[in-house]
Amino acid sequence: MNDRQDTTDADGERPARRDFIRSMIEEDLAAGRNGGVVQTRFPPEPNGYLHIGHGKAIALNFAIAREYGGRCNLRFDDTNPAAEEDEFVEAIQEDIRWLGYRWDGEVRFTSSYFETLYRWAEGLIRKGVAYVCDLSPEETRQMRGTITSPGQNSPYRDRTPEENLELFRRMRAGEFEDGACTLRAKIDMASPNLNLRDPVLYRILRARHHRTGDAWCIYPMYDWAHGQSDAIEGVTHSLCSLEFENHRPLYDWFLDHIDLEPGAPRPRQTEFARLNLTYTVLAKRQLRRLVEEGHVSGWDDPRMPTIRGLRRRGYTPTAVRTFLEGVGVAKFNSTVDMVVLENALREEQNRLAERRMAVLRPIELVIENYPEDGEEFLEAHNNPEDEGAGTREVPFSRTLFIERSDFRESAPRKYHRLAPGKEVRLRYAYYVTCTGFDTDPETGEVVRVRCTYDPETRGGDSADGRKVRGTIHWVSARHAFTAPVRLYDHLFSVPNPMDVPEGGDLLDHLNPASLEVLENAKLEPALRELAPGTLVQFERHGYFCLDTVDSSPGSPVFHRAVALRDSWAKLEKKLGAKPSGSGGAP
RNA sequence: UACCCCGUGGUGUAAUUGGCAACACAACUGGUUUUGGUCCAGUCAUUCCAGGUUCAAGUCCUGGCGGGGUAACCA
């Protein structure tokens with residue numbers, strides 16, 4: 001678990017880019033703070049699956065530790081047994097490892113520090129800065145005041161340390177009902193920072209904890225547990241998201257009031273903006289809703305922004321990391337365009353993925369001058385970007401399938417594909433010229449395209465040097481196999497789904513076309529041997545893989561991880577948008 | 001209505017800490033191309049506004065304006 005040998009990145013490299021956090025760390029280093037040590041941590045609560053937003057925090061913490069020769073712990077912040085489960089402890093570790101990050105030493109748990117935390121709490125009581133309060137949750141809330149008005153002191157605020165100590169021990173011993181009392185810090189009920197209005201340190205809660213079982217019936221609150229756990233682990237830089245900014249004074253207050261080892265590093269909290277992505281949501285609550293209400297197939301649905309969803313979708317750890325480490329970090333709440341994530345995959349896979357031919361929406365193409373029973377095998381490059389990927393043989397015959405969209409009864413302007421009288425290249429095969437097409441007498445729909453081929457152009461080159469503008473992909477009807485192919489699109493149809501008009505619902509923005517299943521895709525034979533999860537490029541379409549969940553031997557299911565850029569679609573849209581009067585052919 | 005944080009191209013981040021606003025993505029032009037992919041070249045910002053300090057301000061000061069966060073015995 002703590003091995004580092006398969007960490008993909010080299011250790012100790014200085015960051016190529018600087019941000020306010022790295023600048024601060026370098027300042028600390030220059031000033032000789034913390035004895036030149038940099039230590040971070042990733043502190044998830046084990047109450048759900050990780051998503052790409054967590055990925056940003058993971059990448060930040062682990063990358064910083066790596067860059068400065070420091071350490072990064074994985075610590076489960078398990079202080080609320082009512083919400084946490086072992087299942088998530090396992091899943092979270094798996095996801096972090098999949099991303100390619102390795103934490104230092106053993107996995108940590110805040111629950112391992114319960115005893116130390118408890119002792120420190122008694123210390124606060126002895127110093128007279130913590131007290132047992134018998135107010136009910138509702139009373140506590142009411143007396144805290146509001147955002148614009150100060151709170152009032154609890155009537156239990158002035159109990160003596162002796163009395164508090166006894167009460168606190170009885171709390172731990174289980175002598176009081178759940179919710180009967182709390183331990184609170186005695187700070188300032190009039191503070192403009194609500195977090196300093198005598199925050200609760202411990203509540204009584206009889207719930208079975210996933211690690212400590214029934215050993216405790218009092219549990220520390222986040223604020224009390226977090227900074228102290230950082231201190232215990234020697235964390236120097238405690239990075240968290242912006243909403244904890246107002247907690248920082250409390251974080252520091254606790255550190256000031258416990259008895260830290262002299263000379264021990266004092267952790268410092270620094271906040272950064274969490275990741276937002278267009279066309280999706282990154283809030284645990286919303287994601288859970290999508291799963292529970294069945295709008296997706298589960299936490300690993302390829303449309304989900306969860307780490308598991310991305311993995312199943314076909315994203316590679318390096319592509320995700322490239323994205324994560326490239327988005328930068330700042331204190332400004334921003335939203336990164338989903339295309340940046342997609343682009344990271346495309347860019348990587350352009351170099352790596354082998355090419356195959358797949359016809360997603362087939363229409364028959366008959367080569368009238370090709371021998372009825374003819375068959376030959378043509379050589380195709382597996383990856384034009386990588387000579388080392390070699391070549392393969394693709395079967396060719398008289399009847400092929402081509403994309404429906406590669407034929408038009410009459411060619412619009414700038415359309416370089418098949419239309420009556422037009423010549424195109426069949427990739428790695430021959431030039432063909434369209435001679436006609438057949439339609440269904442009932443519907444008028446084109447059911448077959450006819451053409452003749454030029455035998456002199458075998459392989460896709462003509463000796464006379466004539467140019468064809470279009471190259472289309474194809475599969476041999478006799479040799480191809482049929483399989484379902486799923487096309488995924490954004491889960492939501494608007495860039496910011498959280499922007500819901502009054503009375504509306506987030507789900508109003510769900511994209512009804514986020515999943516399209518093509519049941520009749522025709523695939524070249526080489527695709528039969530594709531390993532599950534491996535990405536290949538379907539030429540002219542995008543990067544696809546065999547679904548790891550829904551495929552079974554003999555019945556493969558393919559899906560698209562990300563589409564190729566499609567500048568024709570863009571052009572066509574633009575041409576179509578032009579008023580018909582102005583753009584007509586001469 | 002209180003307190004805290006933040007405002008740099010369409011988007012996300014830079015700017016040697018006061019010295020010609022840079023990189024990536026997107027968009028748009030053009031070129032190459034047996035993927036309308038890739039690749040190559042080019043275009044795209046008076047740094048939220050108004051004052052002030054300075055030879056010089058994205059950076060420092062003042063005041064506005066705008067956005068976000070905060071009132072769990074959640075994290």
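Proteins get letters first, then strands, A, B, ... in listed order; numbering begins at 1 in each.
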Asker: On the 0 to 90° scale, with breaks at 30° and 60°, tag the A:H51-A:H54 ring pair as parallel, tilted or perpendicular.
Answerer: tilted

Asker: Please report the distance, rounded to the nearest Å, between CZ in A:R18 and P in B:U16.
Answerer: 9 Å

Asker: Which whole number of Å gives the distance between the C1' atom of B:A26 and that of B:A45?
Answerer: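 Their C1' atoms lie roughly 16 Å apart.
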
Asker: Taking the same atom, P, in B:C25 and in B:G68, what whole-Å distance lies between them?
Answerer: 30 Å

Asker: Using the ring centroid of each side chain, check whether A:F168 and A:Y118 are separated by less than 6.0 Å.
Answerer: yes

Asker: Between B:U29, B:G36, B:G68, spot the one nearest the side chain of A:K574, thanks.
Answerer: B:U29

Asker: Round to a whole Å and report the spacing from CZ of A:R346 to P of B:C39.
Answerer: 11 Å

Asker: Taking only the C1' atom of each, what is the distance from B:U47 to B:C60 in whole angstrom?
Answerer: 16 Å

Asker: Of the candidate nucleotides B:G37, B:C5, B:G12, which contains the atom at the shortest distance from the side chain of A:E245?
Answerer: B:C5

Asker: Starting at NE2 of A:H473 and ending at C1' of B:G36, how long is that distance when rounded to a whole Å?
Answerer: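 Rounding to the nearest Å, NE2 of A:H473 and C1' of B:G36 are 13 Å apart.
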
Asker: Would A:E524 and A:H473 count as having a side-chain donor-acceptor pair, cut-off 3.5 Å?
Answerer: no

Asker: Write down the distance separating the C1' atoms in B:A57 and B:G18, rounded off to the nearest Å.
Answerer: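 7 Å, rounded to whole Å.
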
Asker: If I take atom NZ in residue A:K331 and atom C1' in nucleotide B:U8, what distance separates them, rounded to the nearest angstrom?
Answerer: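 My rounded result for the distance is 18 Å.
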
Asker: Looking only at atom P, what distance separates B:U59 and B:A21, rounded to whole Å?
Answerer: 14 Å

Asker: What does B:G18 pair with, Watson-Crick or G-U, if both distances are under 3.5 Å?
Answerer: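 Check on B:G18: unpaired, no WC or wobble geometry under 3.5 Å.
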
Asker: Check every strand shown and say whether A:E271 touches a base, only sugar-phosphate, or nothing at a heavy-atom separation below 4.0 Å.
Answerer: nothing

Asker: Given B:U17, B:G36, B:U35, identify the nucleotide with an atom nearest to the side chain of A:L571.
Answerer: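 For the A:L571 side chain, the nearest candidate turns out to be B:G36.
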
Asker: When the C1' atoms of B:A50 and B:C65 are compared, how many Å lie between them, rounded to an integer?
Answerer: 10 Å

Asker: Return yes if some donor-acceptor pair links the side-chain N/O of A:H209 with the main-chain N/O of A:R211 below 3.5 Å, else return no.
Answerer: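 Yes; judged by distance alone, with no hydrogens or angles, the pair exists.
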
Asker: Each nucleotide in nucleotides 70-75 of chain B should get exactly one letter: B, S or -. Can you fill that in based on protein heavy atoms under 4.0 Å?
Answerer: BBSBSB

Asker: With rounding to whole Å, what would you report as the distance between B:C55 and B:C20 at their C1' atoms?
Answerer: 15 Å

Asker: Indicate yes or no: at least one non-hydrogen side-chain atom of A:V132 is less than 4.5 angstrom from one of A:M171.
Answerer: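 The answer is yes; the side chains approach within 4.5 Å.
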
Asker: State whether the side chain of A:D230 and the backbone N or O of A:P267 hold a donor-acceptor pair below 3.5 Å, judged by distance alone.
Answerer: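 No; zero donor-acceptor contacts below 3.5 Å.
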
Asker: How is A:F538 classified with respect to the nucleic acid when contacts are heavy atoms under 4.0 Å: base, sugar-phosphate, or nothing?
Answerer: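 Nothing: the residue A:F538, judged by heavy atoms under 4.0 Å, touches no strand.
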
Asker: Nearest whole Å is fine: how far is B:G68 C1' from A:F332 CZ?
Answerer: 9 Å

Asker: How many whole angstroms separate atom CD of A:E385 from atom P of B:U32?
Answerer: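 So the two atoms are 18 Å apart, to the nearest Å.
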
Asker: Just to be sure I understand the rule, does A:K570 reach a base, reach only the sugar-phosphate, or reach nothing, if contact means heavy atoms closer than 4.0 Å?
Answerer: sugar-phosphate

Asker: Strictly below 4.0 Å, N to O, side chains only: are A:R159 and A:D134 in salt-bridge contact?
Answerer: yes

